[in-house]
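Below: the structure, in structure tokens.
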Amino acid sequence: MADYYPGTETTEETPRLENNRKHTPRLGIVSFVMTLFLGPLVFAAAFGIYAAADTTSCVPARYVCYALLFGACLFLSLVSLGLGIGGICQPETEKVYAVLGTVLSGIIVAAAAAILVVGALCF
């Protein structure tokens, strides 16, 4: 057994990879997973709005529900974008999932903005 010297206690650190980086941060993983779920929801809500807009009544309940779903998904996509940026800014960590989450969230936000612009121009 080794002698005990005060101040030399060993503690468990975050496991490090070969290149002395920590494992992937949770912010990046959460951003990536949120993007995987929000992507199809945004486009399904946009299609629902388009399908509900063909009705003859002024504001059908389905139209309002799809519009709220679209707005909530757009807000959560912005949150996912922020989480991805936060994951990229963490020092000494793997950034694969953070970069993927940020890029995919940016694509979803840009596509949602394009859908809003095209919808405003067409109707």
Side-chain angles (χ1 to χ4, degrees):
M1 271 210 255
D3 293 330
Y4 173 76
Y5 295 103
T8 60
E9 298 88 13
T10 59
T11 59
E12 291 292 323
E13 281 189 25
T14 304
R16 295 186 180 263
L17 300 175
E18 299 86 29
N19 56 0
N20 206 19
R21 288 184 163 206
K22 295 179 185 176
H23 285 285
T24 304
R26 291 188 177 127
L27 291 178
I29 294 172
V30 170
S31 171
F32 181 67
V33 171
M34 281 179 65
T35 303
L36 290 180
F37 286 114
L38 290 173
L41 276 177
V42 167
F43 295 109
F47 180 75
I49 290 172
Y50 176 74
D54 290 339
T55 60
T56 57
S57 75
C58 294
V59 182
R62 284 186 300 162
Y63 184 78
V64 173
C65 290
Y66 284 125
L68 287 174
L69 178 66
F70 184 80
C73 289
L74 184 58
F75 173 74
L76 288 175
S77 292
L78 289 172
V79 169
S80 177
L81 184 67
L83 288 173
I85 292 171
I88 289 173
C89 291
Q90 288 184 342
E92 298 181 7
T93 55
E94 291 293 318
K95 296 172 176 40
V96 174
Y97 289 109
V99 169
L100 286 173
T102 303
V103 168
L104 293 176
S105 293
I107 290 171
I108 289 174
V109 169
I115 288 171
L116 288 174
V117 168
V118 168
L121 294 176
C122 291
F123 291 108

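The analysis underlying the following values was restricted to heavy atoms, covering all of them including side chains, and did not include hydrogens, waters or symmetry mates.
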Scan the side chains in residues 112-122 for donor-acceptor partners under 3.5 Å anywhere in the protein, sequence neighbours excluded, and list what turns up.
none

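- Under a hydrophobic clustering in which Ile, Leu, Val, Met, Phe, Trp and Tyr are joined whenever their side-chain heavy atoms come within less than 4.5 Å, directly or via other members, Leu76 and Val42 fall into different clusters.
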In residues 66-74, what donor-acceptor pairs under 3.5 Å come from side-chain atoms, sequence neighbours left out?
none

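- Taken from CZ in Phe32 to CZ in Phe37, the straight-line distance is 10.5 Å, to the nearest 0.5 Å.
- The hydrophobic clustering, which links ILVMFWY residues whose side-chain heavy atoms are closer than 4.5 Å, places Leu36 and Val96 together.
- The nearest pair of heavy atoms linking Leu38 to Ile108 is C-CD1, 4.3 Å.
- In the hydrophobic cluster analysis, where Ile, Leu, Val, Met, Phe, Trp and Tyr join through side-chain heavy atoms closer than 4.5 angstrom, Leu41 is grouped apart from Ile49.
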Show me the side-chain donor-acceptor pairs of residues 78-91 shorter than 3.5 Å, one per line, residues at least two apart or across chains.
{"residue": "Ser80", "atom": "OG", "partner": "Ser31", "partner atom": "O", "Å": "3.0"}
{"residue": "Ser80", "atom": "OG", "partner": "Ser31", "partner atom": "OG", "Å": "3.4"}
{"residue": "Ser80", "atom": "OG", "partner": "Thr35", "partner atom": "OG1", "Å": "3.0"}
{"residue": "Ser80", "atom": "OG", "partner": "Ser105", "partner atom": "OG", "Å": "2.8"}

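- One hydrophobic cluster holds both Leu104 and Tyr97 under the rule that ILVMFWY side chains link at heavy-atom gaps under 4.5 Å.
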